[in-house]
Amino acid sequence: MARFAKDRPVYFFEEPEQSDTVALRLETCAWSGVVVATPLLPDIDDMAAMTGLLRQLLGRSGRSVGWYYTPMALRFSSEVDWVATVFDVMDELSAFRFAPAELPRLESQLMQRADVVFTGGASLFEAKRGLHANIHCFPSGVDLPHFMAARAPLAEPADQAPLPHPLLGYFGVIDERLDLELLAGIAALRPDWHVVMIGPLAKVRPEDLPSAANIHWLGARDYACLPAYLSHWDVALMPFAMNEATRFISPTKGPEYLAGGKRVVSTPVADVVKRF
């Protein structure tokens, strides 16, 4: 999307946020040029208001290509006359915790409407290839200059600098796809190893996270500063659980870790084994 934004307007229509009024907040991402359009709504489930705000954005930008990352967006965009429709299947969302019951039906509709379908990895491609005539395996790429910066000594972030080595690290969403029992086991078996976990919580509660003196939950951090953390790790981790939610994943962090020059230890997720 950053490449597209060099020669055409690109709007990322975000999830809605709660607000006293109905409005659309537009913010340009400094490093990519992509404009993030965030709907502000008193009721975040008001799809009619979402449709109105999307039409307001289209009035600003003109006829556009609709690039879908989730079929759930059809709830407010099904009547839009896109120049072309792209369905980017990044995950098997129906296998995730708390997946909406209507998701499979909407995915089927989006498959029928799409002009082209991409899948975020080889396993997804094999699972979806019979559902569309123009479908392509499109695994995660990597912003090489950004993450290769971790190969040089970077100033270590203040919240990580005091931690002893060996230092094992993870960045990404912290949700049901991670094997939290595995992390607890590593910490118990190797008390001299320190594990840094960076990322926002999703569908897990703080009390679900294993607590140990050598596991450090740092919370969400800006994309721009991730190489500074990565630069000082001895090993980068992909401690994914082996369950339905991870059956089709192709983790973006794999090539990001490798671009940063780090050794990577992962559980045997299918696409990780195939690709790396």
Side-chain angles (χ1 to χ4, degrees), residues 1 4 8-18 22 24 34-141 173 175-177 202-203 243-250 252 270-271:
M1 294 304 159
F4 286 149
R8 72 196 71 191
V10 176
Y11 296 91
F12 188 93
F13 201 74
E14 256 288 5
E15 298 285 339
E17 293 181 6
Q18 197 111 33
V22 176
L24 191 63
V34 173
V35 179
V36 179
T38 306
L40 306 176
L41 301 172
D43 176 6
I44 60 172
D45 294 318
D46 185 347
M47 292 299 104
M50 286 279 283
T51 300
L53 291 174
L54 177 59
R55 292 199 176 280
Q56 177 183 322
L57 182 63
L58 292 171
R60 173 191 179 100
S61 59
R63 291 193 69 209
S64 305
V65 172
W67 191 299
Y68 286 80
Y69 286 104
T70 170
M72 298 304 293
L74 277 181
R75 295 184 301 162
F76 58 85
S77 65
S78 61
E79 301 304 317
V80 175
D81 180 23
W82 301 110
V83 173
T85 299
V86 181
F87 182 15
D88 203 338
V89 188
M90 289 298 295
D91 285 297
E92 184 58 77
L93 298 176
S94 62
F96 285 15
R97 186 181 296 177
F98 311 132
E102 61 190 319
L103 202 154
R105 175 180 61 82
L106 291 172
E107 177 171 306
S108 178
Q109 289 183 14
L110 189 50
M111 280 285 185
Q112 293 174 26
R113 294 172 183 228
D115 297 290
V116 60
V117 176
F118 299 122
T119 67
S123 296
L124 267 178
F125 177 72
E126 292 303 321
K128 305 289 185 183
R129 64 187 307 175
L131 301 179
H132 199 277
N134 189 20
I135 186 168
H136 307 272
C137 186
F138 188 38
S140 300
V173 177
D175 59 15
E176 80 276 15
R177 292 172 294 176
K203 295 175 283 185
N243 57 29
E244 279 301 303
T246 62
R247 181 180 171 192
F248 298 107
I249 65 170
S250 182
T252 305
D271 275 20

Are there over 12 heavy-atom neighbours, none belonging to [X], within less than 6.0 Å of that residue's [atom1]?
{"X": "Arg60", "atom1": "CZ", "result": "no"}
{"X": "Gln18", "atom1": "CD", "result": "yes"}
{"X": "Glu126", "atom1": "CD", "result": "yes"}

On a heavy-atom basis, which atom in [X] and which in [Y] lie closest, and how many Å separate them?
{"X": "Leu57", "Y": "Leu24", "answer": "CB-CD2, 3.9 Å"}
{"X": "Leu110", "Y": "Pro71", "answer": "CD2-CA, 3.9 Å"}
{"X": "Trp67", "Y": "Asp88", "answer": "NE1-OD2, 3.1 Å"}
{"X": "Thr51", "Y": "Phe76", "answer": "OG1-O, 2.9 Å"}
{"X": "Ser94", "Y": "Pro104", "answer": "CB-CG, 4.4 Å"}
{"X": "Glu14", "Y": "Thr38", "answer": "CB-OG1, 3.8 Å"}

Do the side chain of [X] and the main chain of [Y] share a donor and acceptor less than 3.5 angstrom apart?
{"X": "Asp271", "Y": "Ser123", "result": "yes"}
{"X": "Thr246", "Y": "Asn243", "result": "yes"}
{"X": "Asp115", "Y": "Thr85", "result": "yes"}
{"X": "Arg75", "Y": "Asp45", "result": "no"}

Straight-line distance of [X] [atom1] to [Y] [atom2], nearest 0.5 Å:
{"X": "Met72", "Y": "Met47", "atom1": "CE", "atom2": "CE", "answer": "8.0 Å"}
{"X": "Arg129", "Y": "Cys137", "atom1": "CZ", "atom2": "SG", "answer": "9.5 Å"}
{"X": "Leu58", "Y": "Leu53", "atom1": "CG", "atom2": "CG", "answer": "11.0 Å"}
{"X": "Leu41", "Y": "Ile44", "atom1": "CG", "atom2": "CD1", "answer": "8.5 Å"}
{"X": "Glu79", "Y": "Arg55", "atom1": "CD", "atom2": "CZ", "answer": "7.5 Å"}
{"X": "Glu92", "Y": "Phe248", "atom1": "CD", "atom2": "CZ", "answer": "5.5 Å"}

| task | Please name the residue in the list Gln112, Met111, His132, Lys128 that meets the side chain to side chain contact (heavy atoms under 4.5 Å, CB included) test with Phe87. | result |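 The single option meeting the side chain to side chain contact (heavy atoms under 4.5 Å, CB included) with Phe87 is Met111.
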
| request: Using distance alone, with no hydrogens and no angle criterion, decide if Ser64 and Tyr11 have a side-chain donor and acceptor under 3.5 Å apart. | output: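 No donor-acceptor contact under 3.5 Å links the two side chains.
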
| Do the ring planes of Tyr68 and Trp82 sit parallel (below 30°), tilted (30 to 60°) or perpendicular (above 60°)? |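 The arrangement is perpendicular - the two ring planes meet at more than 60°.
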
